[in-house]
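For reference, the structure discussed in these notes is given below.
Residue numbers begin at 1 in each chain, while the letters A, B, ... track the order of the sequences. Scope of the values below: all heavy atoms of this structure, side chains included, with no hydrogens, waters or symmetry mates.
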Amino acid sequence: MFHYFKRAVLDILSNRFLNVITIVTIALSILVVSTFVLFFENTSRVIDSWNQGFRLVAYLGESFTPSMLPKLTAKIQAMAEAGEIRFIPKEEGLALLKQEMKNRSAFLETLEENPLPHVLEIRMKRTGLEWDEITAFAKTVEQLPQVTDVEYGQQWLGRFLSLFNLFRVTGYAMSSLFFLIALFITANTVRLALYSRRQEVEIMRLVGATDRFIITPFYIQGLIQGTLGGIVGLSILLIIFLVISLNLQESAASYMLFDIQFLSVKYWVIIIFGSAFLGWLGCYLSLKQFIKY
Amino acid sequence: MFHYFKRAVLDILSNRFLNVITIVTIALSILVVSTFVLFFENTSRVIDSWNQGFRLVAYLGESFTPSMLPKLTAKIQAMAEAGEIRFIPKEEGLALLKQEMKNRSAFLETLEENPLPHVLEIRMKRTGLEWDEITAFAKTVEQLPQVTDVEYGQQWLGRFLSLFNLFRVTGYAMSSLFFLIALFITANTVRLALYSRRQEVEIMRLVGATDRFIITPFYIQGLIQGTLGGIVGLSILLIIFLVISLNLQESAASYMLFDIQFLSVKYWVIIIFGSAFLGWLGCYLSLKQFIKY
Amino acid sequence: MLWGGDRARAAPDLLLNTYAKDEMETRDPIIRLFNVSKRYGKHYAVKDITIDVDAGEFIFVTGSSGAGKSTLMKMIYLAERASQGQIIVDGMNLDRISHARIPYLRRNIGVIFQDFKLIPNKTVYGNVALVLEAAGERSAMIRRRVMQVLETTGMADKVNAFPPSLSGGEQQRVAVARAVVGNPKIILADEPTGSLDSESAQSVLDFLMQYHDKGATVLIVSHNMQLISSTVRARSISLADGTLVGTATML
Amino acid sequence: MLWGGDRARAAPDLLLNTYAKDEMETRDPIIRLFNVSKRYGKHYAVKDITIDVDAGEFIFVTGSSGAGKSTLMKMIYLAERASQGQIIVDGMNLDRISHARIPYLRRNIGVIFQDFKLIPNKTVYGNVALVLEAAGERSAMIRRRVMQVLETTGMADKVNAFPPSLSGGEQQRVAVARAVVGNPKIILADEPTGSLDSESAQSVLDFLMQYHDKGATVLIVSHNMQLISSTVRARSISLADGTLVGTATML
Ligand SMILES: Nc1ncnc2c1ncn2[C@@H]1O[C@H](COP(=O)(O)OP(=O)(O)OP(=O)(O)O)[C@@H](O)[C@H]1O
Ligand SMILES: Nc1ncnc2c1ncn2[C@@H]1O[C@H](COP(=O)(O)OP(=O)(O)OP(=O)(O)O)[C@@H](O)[C@H]1O
Ligand SMILES: [Mg+2]
Ligand SMILES: [Mg+2]
């Protein structure tokens, strides 16, 4: 095995042009995939943080008294979808309403009695819920004894969610598509590199080399090329990211109410392994064509 | 020229393997770029349609009478940022408020007099406005004589806009980055294809061919490869798009409150020209390396 | 045709004769061709050839350009499959040999290709060593054998050169070195002296003769009549338009 | 060395002698080398060579393997630049020739490369026609010339074959055809008969002789003594280790 590895390294050194081209192509393909993943991850993260802002508002009937609160809260908390629950007494509700209405709030002062009900604000536990799930959850909450009505984004929220889910699905589909394309491009490049070495392969066969003897160093080369390509691609992305995020932080610091973050170590590992696999598979697909008796 | 074109076509036919590989690589690169552009365009379009939903609400003082409306409207319309303007008389405002407050609206029935002011709802003309511009516009509107106060999304809107602008900038940056990568990958592939033909080029030189005689067919080939690659890439995208959008329309028709649209003809033309340019430039960058005396 | 023109090799010849007598009766055919033909399109490159080559024979194959000499060689080391007929090499029927056995067949055959077939981006050393590496030899042994064989072919000072920077004759001598480095049972030499001056040509022939003396079966395709006629105890096979038109043994 | 062994060309010879007498005094050197050397690393492939070749001369270049014959040829058609010294070909100083003029220099020189240098994915026709296409000839004229020259070299029935499917000798004859198709002033033939049997070799030589008779200057690198000695009125230049060791004129 070591012997094959040595031959693979020697071969890389004596075919520098072909190897550099292949590694650069793999690096660029990885750059596309990882740039997109980075973009998609950050956008998803920001959207998720918004998404968490969505809440159900449950209006409590006249029959409700604050002493019932712990029991009601526990009941709701038992539901899978429910996250944080906040109780807003009608006094606080009125204050909020005044604040909300601003210019139109003068008349509220003239009221003798607080006309508002008590309210429970329920946040969603998971992000990325489907519209169906939210509707179902709302129905369940509405059926609780003290709850008279449930209000949630309705139309607007449905639209928002379907968009986000579409965004998410498209994002994953595109990541896969880009990975597939990277694979094809890599295979193509490896195929071209091998094409210009087909005579060499033919000569090796003619002097009595077995398939294994010929193929193994190519596979090892593919793995090395893939790994190097992955590292180079990721490094380029990191550099671009650092340059851009530094600039953004300077010029647009005031608008930046969220962080953009680089890919996590988990992704680094996935990308580099994926890239090594890419190099190997590129070899596999191409060698099939050139190594035949 | 026709003579060169004929030689280029003959050459493509006699180097089918190399040409198919090159065209496939260009097609895949174009597929990446145009998939991203498609994704980005659709997302932007949806976001824009939301963005257009943002509006300034100008509260009109006691001094305002409906007869002043045309003059005031004209004044606001003269401002660059102002789009559609809607006048909401206080009666309509009260009706809307009742609807908005739903469960809490019972007390509104008890009011003797309508406590609300008349309101002007001003939509933005352009999309993608910066937070600064909106603030400035709001200030100008507030200074108009009959206007007592202006309300707009504030904090939330600022955050939303900065996100969208970042999304937009990143999108354009990524389109450019992907185009650049496509360029490099194409150049790499062309370089590899030429590498395996370097002997042929060398032989042509040795039997007295001028640079121009050798190079011109390669350039024409590059243009042909680029154009074919562009058409193939775009066709693949169209097929993927049709398959996916048909499936989406079936399974998720209820959630789809917006259309996803394919790239416009303008983009087709840009992409195919870009791709032809890619093929040509790939040739240009690679030939420099191989054609030297 | 008996004895060739000027012969510089008297001593080895004596030895050869003794050796030949001892073995004469026990020798079996190592290469057998029965009605072998090779067709490209409608054209027969080789047509209905039947020959037996005994182990340890020394054979010249002659014939004009395009007569089918190289094609005949190619079928023996299985670079081309015969269209018709049967070929048996070293006990293996080439028609039925499994894919995985082909490398082992080829390790028994040292080929000097007409167009040399050196790998351009491997050094002279690397090209010659490849044969032994592919056969899984240990590196110390490889080094010794390769240097020894390059020494004898006069290419020792070019071990680190790459084939494109060698002269035609130098490339040919590397090709000769590579063909014999594995001590093959059979040596197929397709025009091994075409790029060489008469002196170098003679020394390559002497070199191949040494391997023959050690027991190898040697087939040489050659146009060089002077060389052919200078060689003792060689059989000469003559092709024309793909068919066998004559055999002669010089004794 | 005077007249070679068997000579089949009596009639053209007479013609040649008349032609030679008329022109003898007016001929200028078409190739001039002054103290030309070519160094690769520390090694001199060609060392301090000075020769004048007259227009219309017929020259054999001999020397053992690695003597520098091919390198000398390469410097004349500028595949390699001389390390030292001056080369003047057809009035052009190769040291000072502009990049753009090189193709025009090469169109005056027909080269038969030692390794043929045929383009593998062009047909025989395409390979030969390339020279005329590059020179911008009209296609009717190209077709006629190419077919004519392939006819004479005996390759007319292989016009649509690709070089890898040709025998060694066939490839060499295509290389010969390509070298002469443009009617060059100078023909440089590097071992043009190495893969050919003696009969084909003689016909290639006769063929080159025809161009010489029409006024071309011919330089042939060859190891084939029989061929050399059969040729009348040729000068013979001998190299050893890169230096000129002898000149002889056969008359
Ligand atoms: N792959 C092929 N496809 C088609 N024809 C071929 C192929 N290989 C050889 N031939 C033809 O078969 C004939 C015999 O070729 P071969 O190479 O055996 O000749 P040869 O005797 O070696 O000649 P030379 O002395 O010139 O090398 C030739 O006419 C050649 O064109
Ligand atoms: N590109 C090169 N780099 C290094 N050395 C070279 C190069 N080209 C030629 N040589 C060396 O220069 C010497 C002369 O080579 P050349 O090809 O001129 O020989 P030749 O006379 O043509 O021999 P042959 O008859 O074998 O073809 C040889 O020793 C060769 O190894
Ligand atoms: Mg042959
Ligand atoms: Mg030479």
Side-chain angles (χ1 to χ4, degrees), chain C residues 40-41 43 45-46 62-74 80 113-116 118 120 153-155 157-158 160-161 163-174 190-201 203-204 221-228 238-240 242, chain D residues 40-41 43 45-46 62-74 80 113-116 118 120 153-155 157-158 160-161 163-174 190-201 203-204 221-228 238-240 242:
Chain C
Y40 291 112
H43 176 78
V46 162
T62 60
S64 59
S65 174
K69 308 179 293 295
S70 301
T71 306
L72 188 69
M73 296 283 159
K74 282 177 193 162
E80 298 280 1
F113 304 93
Q114 191 168 12
D115 52 356
F116 313 150
L118 300 177
T153 48
M155 292 302 299
D157 53 333
K158 297 270 182 188
N160 294 318
S165 78
L166 296 178
S167 84
E170 286 163 351
Q171 287 179 31
Q172 191 152 43
R173 282 179 282 157
V174 176
D190 199 344
E191 202 83 64
T193 62
S195 304
L196 294 171
D197 54 297
S198 51
E199 209 174 310
S200 311
S203 63
V204 162
V221 173
S222 183
H223 294 308
N224 193 329
M225 281 304 158
Q226 199 187 334
L227 215 61
I228 297 175
S238 186
L239 298 185
Chain D
Y40 291 111
H43 176 78
V46 161
T62 60
S64 60
S65 174
K69 308 178 294 294
S70 300
T71 306
L72 187 70
M73 296 283 160
K74 282 178 191 161
E80 297 280 0
F113 303 93
Q114 190 169 9
D115 53 356
F116 313 151
L118 300 177
T153 48
M155 292 301 299
D157 53 333
K158 298 270 182 187
N160 293 319
S165 78
L166 296 179
S167 83
E170 287 164 352
Q171 288 180 30
Q172 190 153 45
R173 282 180 282 158
V174 176
D190 198 344
E191 202 84 61
T193 62
S195 306
L196 295 172
D197 54 296
S198 51
E199 210 174 309
S200 310
S203 64
V204 162
V221 173
S222 183
H223 294 308
N224 193 329
M225 281 303 158
Q226 198 187 334
L227 215 61
I228 297 175
S238 186
L239 298 186

Who among [options] has the most heavy-atom pairs with chain D under 4.5 Å?
options: C:G68, C:G63, C:G168; answer: C:G168
options: C:E199, C:R173, C:Q172; answer: C:R173
options: C:S167, C:G154, C:S198; answer: C:S167

For this session: Report the distance from atom OG of D:S195 to atom CG of C:D190, rounding to the nearest 0.5 Å.
Result: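 The OG atom of D:S195 sits 9.0 Å away from the CG atom of C:D190.
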Exercise. How many angstroms lie between CD in C:Q171 and CD in D:Q114, if you round to the nearest 0.5 Å?
Worked result: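 Here the rounded value is 7.5 Å.
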Exercise. Can you say whether C:S200 sits under 4.5 Å from chain D via the side chain, the backbone, both, or neither, judging by heavy atoms?
Worked result: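 C:S200 touches chain D through side-chain heavy atoms alone.
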Exercise. Which answer fits C:E170, side chain, backbone, both or neither, if we ask what part of it has an atom under 4.5 Å from a heavy atom of chain D?
Worked result: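 Interface part for C:E170: both.
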For this session: Determine the option with the most heavy-atom pairs under 4.5 angstrom with chain C, choosing from D:G169, D:S64, D:S65.
Result: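 Heavy-atom pair counts peak at D:S65.
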Exercise. Just by distance, do the side chain of C:D197 and the backbone of D:H223 share a donor-acceptor pair under 3.5 Å?
Worked result: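 Between the backbone of D:H223 and the side chain of C:D197 there is no qualifying donor-acceptor contact (under 3.5 Å).
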